[in-house]
Amino acid sequence: MNKKVRVRFAPSPTGGLHLGGVRTVLYNYLFAKKNNGDFIVRIEDTDQSRYVAGAEEYIFDCLKWCGLEPDESVQHGGNFGPYRQSERKDIYKKYAEELIKKGFAYYAFDTPEELERMREDFKSENNPSPQYDNTIRDKMINSLTLSENEVARFIGEGMPYVIRIKVPQNETISFTDMIRGEVQFDSSLVDDKVLLKADGMPTYHLAVVVDDYLMEITHAFRGEEWLPSAPVHILLWKYLFGIENMPQWAHFPLILGPNGKLSKRDGSKYGFPVFAMNWTDPKTGELTEGFKEKGFIPEGFINLLALLGWNDGTEKEVFSLEELIESFSMDRVHSGGAHFDYDKAKWFNHEWIKRSKVSKLRSAIKDLLEKNDLPITDTSMLDKVIALVQERCTLLSDFVDQASFFFKTPEEIDTASIVPKWNDQKQQFFRELIRTYKLTTIWNAHETENALKEIAAVHQLKPGELMLPLRIMLVGGKFGPGVFDIAEIIGKEETILRITNGLKKLSA
RNA sequence: GGCCCGUUCGUCUAAGGGCUAGGACACCACCCUUUCACGGUGGUGAUACGGGUUCGAAUCCCGUACGGGCUACCA
């Protein structure tokens, strides 16, 4: 009874990894770790027509960036492989045929054109999308309507066929969802889903049940969009492996965009990412920006996803991955869909940038600055800069504006903000400030500030009138941390140079 | 159309029958700050509607409305 907890994330490698996908990974991961279980990633690539080069590797890159490493997968190995369904093709056919022998499935020879015609013929106002179900199947070409000889002959002649589940009539199919409680379906309304396609590959419905069984999955979590096909899967469990062996299910609510279902389009439309990392469609070359490249850090990204549909019942909102593992429980996952709020997402990221150790941020920021033509040679200076400005950076990209001027003398400065109150007296003051700074031997924020105040007093100027000009000379604009902290970090020579430059620009 | 899921401030949510419906984001005001942020204080703002059950309902039940998902040889 005390089986080891095993959960799986089963993505189809067809493109970018969506917000909702990462949250599904996260909840799987948290549940597994909370219960000392294993987290498995299984690649569901049974639709060969949807193969996209690089998509599988991309998914693993995203998981790695998020810090959600699987225990078993194509890349991580394990004793339940292969972990790619296309490599398990032979396994599924056996089970499909077992179902036929038991009378729970049948061969169907209808061509795509015939199916299309069926949908046209039976279409009505009351039933705009007819299904291949118990009311239709005896009007179609399948092993229920054909004689045994005909079936054997068709197969012998190599006629393409699929295997469909034969869904019973008038049964109530129900299960207990860990989030929603009891959910019921009327079997008469469930259609005869294809289990094995004409190319010999299973559909999701067969593969998920077979693999969850063979991989000893104990808890199966997926998005709410799968709820309507649950009765098919329950039937399959009953027919193949016994309902008592079925994993416990939970269907996560959907993540919605500002107007309904969140789509890739919403990203470009509303200016926020939808994918975890940059994704370039290999066919069209179209790039879709990811949270990573937008400037999110993994801690922030994970935190915002975790709280989109779950909370621990207290007012705590900022959680590390370790804290999430500790606090997570499936019954506190919401049943209603959640709208994604980019402002709140940024707030989470800001919280994590603020509280991150400099050493954690260093490498990403160094890369970023260097991409912006700012070679960093002095890492200890970079560390000081990061510590000084991190609280005013919401996204990693904010470090470009907040940190650049430490490493590069401003070329343009906001003289317009100085000029209106500029006069000869102030000019004289700054000349003397330069002379004094040149003679200063101990260079730190305290000393430079004192020097300024003393000289200001001599010139009968208020320090307040001088701070803004000095800031603009050093920084270029009206932003950044304390001016004297900046002076201390950029050093004596550079400070004097920038004041000198500033005076030149003001007298020009 | 049918089936399924859902519905508390604009958004994410707390409150598992008892009451000033709490917090966070965003927004506004003030304080702090010799810039910008951080931080602090306060404010605007919600139980979709209608019936029940109950001494008492955001909470339980029914209906309506609204939103979402599914309805492929895609996952």
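These numbers come from a predicted model, not from an experiment. Letters A, B, ... are given to chains in the order of the sequence lines, protein chains preceding strands, and every chain is numbered from 1. Heavy atoms only: backbone and side chains are in, while hydrogens, waters and symmetry mates are out.
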Separation of atom [atom1] in [X] from atom [atom2] in [N], rounded to whole Å:
{"X": "A/Met201", "N": "B/A72", "atom1": "CE", "atom2": "P", "answer": "22 Å"}
{"X": "A/Tyr270", "N": "B/U11", "atom1": "OH", "atom2": "C1'", "answer": "14 Å"}
{"X": "A/Glu224", "N": "B/G68", "atom1": "CD", "atom2": "P", "answer": "12 Å"}
{"X": "A/Leu388", "N": "B/C38", "atom1": "CG", "atom2": "P", "answer": "15 Å"}

Identified pairing partner of [N], criterion: Watson-Crick or G-U wobble below 3.5 Å:
{"N": "B/G39", "answer": "B/C31"}
{"N": "B/G67", "answer": "B/C5"}
{"N": "B/C25", "answer": "B/G10"}
{"N": "B/G50", "answer": "B/C62"}
{"N": "B/C19", "answer": "none"}

Among [options], find the nucleotide with the atom closest to the side chain of [X].
{"X": "A/Lys344", "options": "B/G69, B/G10, B/A24", "value": "B/A24"}
{"X": "A/Trp347", "options": "B/C73, B/C5, B/A24", "value": "B/A24"}
{"X": "A/Ser335", "options": "B/U7, B/U34, B/C73", "value": "B/U7"}
{"X": "A/Asn311", "options": "B/C38, B/U11, B/U13", "value": "B/U13"}
{"X": "A/His334", "options": "B/U13, B/A24, B/G68", "value": "B/U13"}
{"X": "A/Ser12", "options": "B/U35, B/A75, B/U11", "value": "B/A75"}
{"X": "A/Glu225", "options": "B/G68, B/C70, B/A24", "value": "B/C70"}
{"X": "A/Ala338", "options": "B/G6, B/C12, B/A14", "value": "B/C12"}
{"X": "A/Asn126", "options": "B/C38, B/G1, B/A75", "value": "B/G1"}
{"X": "A/Val162", "options": "B/C73, B/U34, B/C25", "value": "B/C73"}

Please give the distance between the [atom1] atoms of [N] and [M] as a whole number of Å.
{"N": "B/G43", "M": "B/A21", "atom1": "P", "value": "15 Å"}
{"N": "B/C12", "M": "B/U7", "atom1": "C1'", "value": "15 Å"}
{"N": "B/C55", "M": "B/A46", "atom1": "C1'", "value": "27 Å"}
{"N": "B/A75", "M": "B/G69", "atom1": "C1'", "value": "14 Å"}
{"N": "B/U53", "M": "B/C62", "atom1": "P", "value": "15 Å"}
{"N": "B/C66", "M": "B/A26", "atom1": "C1'", "value": "25 Å"}
{"N": "B/G10", "M": "B/G16", "atom1": "C1'", "value": "27 Å"}
{"N": "B/A65", "M": "B/A29", "atom1": "C1'", "value": "39 Å"}

For B/C12, does the glycosidic angle fall within 90° of 0 (syn) or outside that (anti)?
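Anti for B/C12; the angle lies over 90° from 0.
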For A/Phe9 and A/Pro11, work out which heavy atoms get closest and say how close.
O-CD, 3.3 Å
Is A/Arg222 close enough and on-axis enough to A/Phe252, meaning under 6.0 Å and within 45°, for cation-pi?
no
Validate the cation-pi geometry between A/Lys89 and A/Tyr92: distance from NZ or CZ to the six-membered ring centre under 6.0 Å, angle to the ring axis within 45°.
no
A/Lys426, NZ: over 12 other non-hydrogen atoms inside 6.0 angstrom
yes
Just how far is it from atom CG of A/Asp186 to atom CG of A/Asn170, taken to the nearest 0.5 Å?
6.5 Å
So what does A/Asp110 touch, heavy atoms closer than 4.0 Å: a base, only the sugar-phosphate, or nothing?
base
A/Val183 near the nucleic acid: base, sugar-phosphate alone, or nothing, with a heavy-atom cut-off under 4.0 Å?
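Sugar-phosphate, backbone atoms only, no base.
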Passing option when A/Phe319 is tested against A/Phe348, A/Trp352, A/Phe328, A/Trp310 for ring pair (Phe, Tyr, Trp, His ring centres under 6.0 Å):
A/Trp310
Are the side chain of A/His350 and the backbone N or O of A/Glu391 linked by a donor-acceptor pair below 3.5 Å?
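Here the side-chain-to-backbone pair exists.
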